[in-house]
Amino acid sequence: MKKPKNRWKWIGHGIYRLLSFLISIFYNVEHLLFIVQKINNLDDVFDSLMIEIPQLNLIVKHLTLNLQTSRIAEINKVINDPIFEAKNKKDEEHLIKNNTDMHQLSKIMNICVCMCGLIWPASHFVRRYQDQNAVVPVYAPFSTDTWGGYSITVALEVVPLLWIGYGHLTLDCLISAYYAQTVVQLKIIKNNLQCLFDMDVDTRHMRSRYKDMSDPDLKRRLVYFIQRFDKLAWYTKEINKVFAPAVSFQFLTSSLTICMIANRLSCTPIFSVPFIFMFVVLLIISNQVFLYCYFGSLIHYESQSVVYSVYLSDWLSVSPYFRRMLLVAMVRWSRTLEPTVAGVIPLSLISFFTILKFAYSLYAILGTRHS
């Protein structure tokens with residue numbers, strides 16, 4: 001966040017961030033106490049872990065955001081660097097479309113959280129109606145045998161959901177927006193390199209048959225895009241380093257939670273409120289991983305195609321000297337930008353589908369066993 005000129009706004013923002021972190025801690029403690037309390041009841045512990053494990057992600061994201069404030073501020077400064085500015089109408093269209101897409105993504109995420117917030121309490125009350133011994137997987141310092149006590153417990157479980165859910169998805173959208181900025185900058189570089197040798201002047205009146213000799217500014221434009229790519233490479237690596245703990249922990253816990261939900265779905269009737277709720281939770285958790293993998297794949301694809309954009313340009317119209325410079329630049333551009341998880345697993349759709357494939361295999365095997 002950009003520091004406001006008003007001192008009280010900045011203090012208020014600091015208090016808000018502290019309260020957000022404390023609410024996350026309190027919510028996690030409630031579930032941990034319940035797990036300790038019901039340690040001998042595996043079903044209740046399992047239900048609580050399905051909610052607790054993803055919430056640990058938010059604490060890691062909070063810590064990353066608060067401990068890496070200076071580095072994130074530097075990343076934001078790089079985004080506003082003049083080197084990343086639009087140089088023509090096509091560049092502006094790319095930047096505007098990127099902003100529109102990210103706003104649309106944020107709206108969709110908010111709708112998902114609201115849907116989960118409506119279905120979740122309904123699933124608890126339906127369970128209680130079907131089974132009088134059903135409990136909410138959260139610690140309550142009072143009896144939940146009555147409908148009144150049970151309703152208060154449901155409120156303790158559900159009310160913080162909107163806050164925590166919005167916090168989760170806001171941070172996911174933030175990281176995705178940083179990666180999306182890499183994607184749009186790569187598109188801009190590609191388009192400009194492909195049109196690098198296009199000239200509006202009549203080539204018949206040129207003093208030389210090579211465009212770089214008739215247009216001294218051509219070399220400067222090439223150097224500019226080389227520098228722009230190098231700056232973008234630093235920016236992408238810095239994002240990967242800053243958010244590595246959060247993304248890596250997200251991958252680990254989301255994979256575990258998806259498998260746990262698949263296990264629970266295998267023994268839950270399809271046409272039931274609990275099944276619908278768990279399916280919505282599955283979609284939200286899967287979507288968190290999907291966002292990272294989707295933008296990671298886009299970065300890899302766009303980075304890989306930068307070299308091809310040079311090949312598609314009118315490079316035959318420049319001198320052998322200029323072509324050699326292009327070859328040197330292409331060697332650098334051939335090293336693709338690829339975000340990773342823990343420096344090992346590539347952030348790609350292949351990784352995402354591997355997780356889903358394993359979860360579905362688990363669901364199919366356990367579903368056959370239960371039937």
Side-chain angles (χ1 to χ4, degrees), residues 1-33 51-52 54-81 84 95-96 98-118 120-121 138-139 141 152 154-181 235 238-239 241-247 249-250 253 284-285 287-288 291-292:
M1 176 186 172
K2 185 178 179 180
K3 187 173 180 178
K5 295 180 180 179
N6 190 317
R7 179 169 171 267
W8 295 106
K9 283 186 178 180
W10 183 246
I11 293 173
H13 177 67
I15 294 172
Y16 168 79
R17 291 172 68 170
L18 178 61
L19 283 175
S20 300
F21 184 70
L22 291 177
I23 289 173
S24 302
I25 294 291
F26 176 76
Y27 195 71
N28 280 274
V29 169
E30 281 186 320
H31 287 88
L32 291 173
L33 288 175
I51 305 301
E52 168 59 20
Q55 305 315 318
L56 293 174
N57 293 330
L58 187 57
I59 293 178
V60 176
K61 291 172 185 175
H62 263 299
L63 291 172
T64 301
L65 199 63
N66 290 310
L67 296 177
Q68 301 284 1
T69 304
S70 59
R71 295 179 72 179
I72 293 174
E74 187 64 28
I75 289 173
N76 293 334
K77 192 183 297 184
V78 170
I79 292 176
N80 296 318
D81 194 297
F84 287 151
L95 292 172
I96 292 171
N98 180 61
N99 290 336
T100 304
D101 291 344
M102 295 314 299
H103 280 103
Q104 201 67 28
L105 175 64
S106 179
K107 288 180 182 178
I108 294 171
M109 296 295 104
N110 290 337
I111 291 171
C112 290
V113 172
C114 291
M115 285 178 58
C116 195
L118 292 173
W120 198 354
V138 64
Y139 173 76
I152 294 173
V154 170
L156 286 173
E157 172 79 339
V158 174
V159 170
L161 170 70
L162 290 176
W163 184 292
I164 290 174
Y166 285 134
H168 254 304
L169 297 178
T170 298
L171 292 173
D172 288 332
C173 289
L174 173 67
I175 298 172
S176 300
Y178 281 134
Y179 283 133
Q181 188 65 222
Y235 165 85
E238 187 68 5
I239 293 171
K241 290 177 183 177
V242 169
F243 295 105
V247 175
F249 196 73
Q250 176 82 61
T253 55
I284 292 175
I285 293 175
N287 190 56
Q288 289 180 289
L291 282 178
Y292 300 146

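Basis for what follows: all heavy atoms, side chains included, without hydrogens, waters or symmetry-related copies. The first residue of the sequence shown is numbered 1, and numbering continues consecutively from there. Bear in mind that the values here come from a model prediction, so they are computed numbers and not experimental data.
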Inset, instruction - Mind checking the CD-OG1 spacing from Q250 to T253? Nearest 0.5 Å is all I need. - result: 5.5 Å

Inset, instruction - Specify the closest pair of heavy atoms between A180 and N98, including all atoms of both residues, with the distance to one decimal. - result: CB-OD1, 3.4 Å

Inset, instruction - Check whether any side-chain heavy atom of Y139 sits under 4.5 Å from a side-chain heavy atom of L156, and report yes or no. - result: no

Legend entry - Reported CG-to-NE2 distance for the pair L67 and H62, which is rounded to 0.5 angstrom: 12.0 Å

Inset, instruction - Mind checking the SG-OH spacing from C173 to Y178? Nearest 0.5 Å is all I need. - result: 13.0 Å

Inset, instruction - Please test Q181 against L95 for side-chain contact (heavy atoms from CB on, under 4.5 Å), starting from the C-alpha separation and ending with a verdict. - result: CA-CA 8 Å; Q181 188 65 222; L95 292 172; 4.1 Å; yes

Inset, instruction - Begin with the C-alpha distance, continue with both residues' side-chain angles, and end with the deciding distance and a verdict on side-chain contact (heavy atoms from CB on, under 4.5 Å) for I15 and L19. - result: CA-CA 6 Å; I15 294 172; L19 283 175; 4.1 Å; yes

Inset, instruction - Keeping the roles fixed (side chain from Y292, backbone from Y179), state whether a donor-acceptor pair exists under 3.5 Å. - result: no

Legend entry - Backbone of E157 reached by a side-chain donor or acceptor of Y27 within 3.5 Å: yes

Inset, instruction - Before giving the answer on side-chain contact (heavy atoms from CB on, under 4.5 Å), spell out for L105 and L291 the whole-Å C-alpha distance, their side-chain angles and the decisive distance to 0.1 Å. - result: CA-CA 10 Å; L105 175 64; L291 282 178; 3.7 Å; yes

Legend entry - Minimum side-chain heavy-atom gap L174-L65 below 4.5 Å: yes

Legend entry - N28 to S24 - nearest heavy-atom pair and separation: ND2-O, 2.6 Å

Inset, instruction - Please name the pair of heavy atoms, one in Y235 and one in I75, separated by the smallest distance, quoted to 0.1 Å. - result: CE1-CG2, 3.4 Å

Inset, instruction - Nearest 0.5 Å please: distance from the CG atom of D172 over to the CG atom of N287. - result: 8.5 Å

Legend entry - Heavy-atom check, side chain of F21 versus side chain of I59, under 4.5 Å: yes

Inset, instruction - Would you sort out whether L22 and F26 count as a side-chain contact (heavy atoms from CB on, under 4.5 Å), showing the intermediate values? - result: CA-CA 6 Å; L22 291 177; F26 176 76; over 6 Å; no

Legend entry - Minimum side-chain heavy-atom gap E238-R71 below 4.5 Å: yes

Legend entry - Heavy-atom donor-acceptor pair, D81 side chain to K77 backbone, under 3.5 Å: no

Legend entry - Pairwise distance OG1(T64) to CG(L171) - rounded to 0.5 angstrom: 9.0 Å

Legend entry - CE on M109 to OG1 on T170, rounded to 0.5 Å: 10.5 Å

Legend entry - Side-chain donor or acceptor of H103 paired with backbone N/O of N99 under 3.5 Å: yes

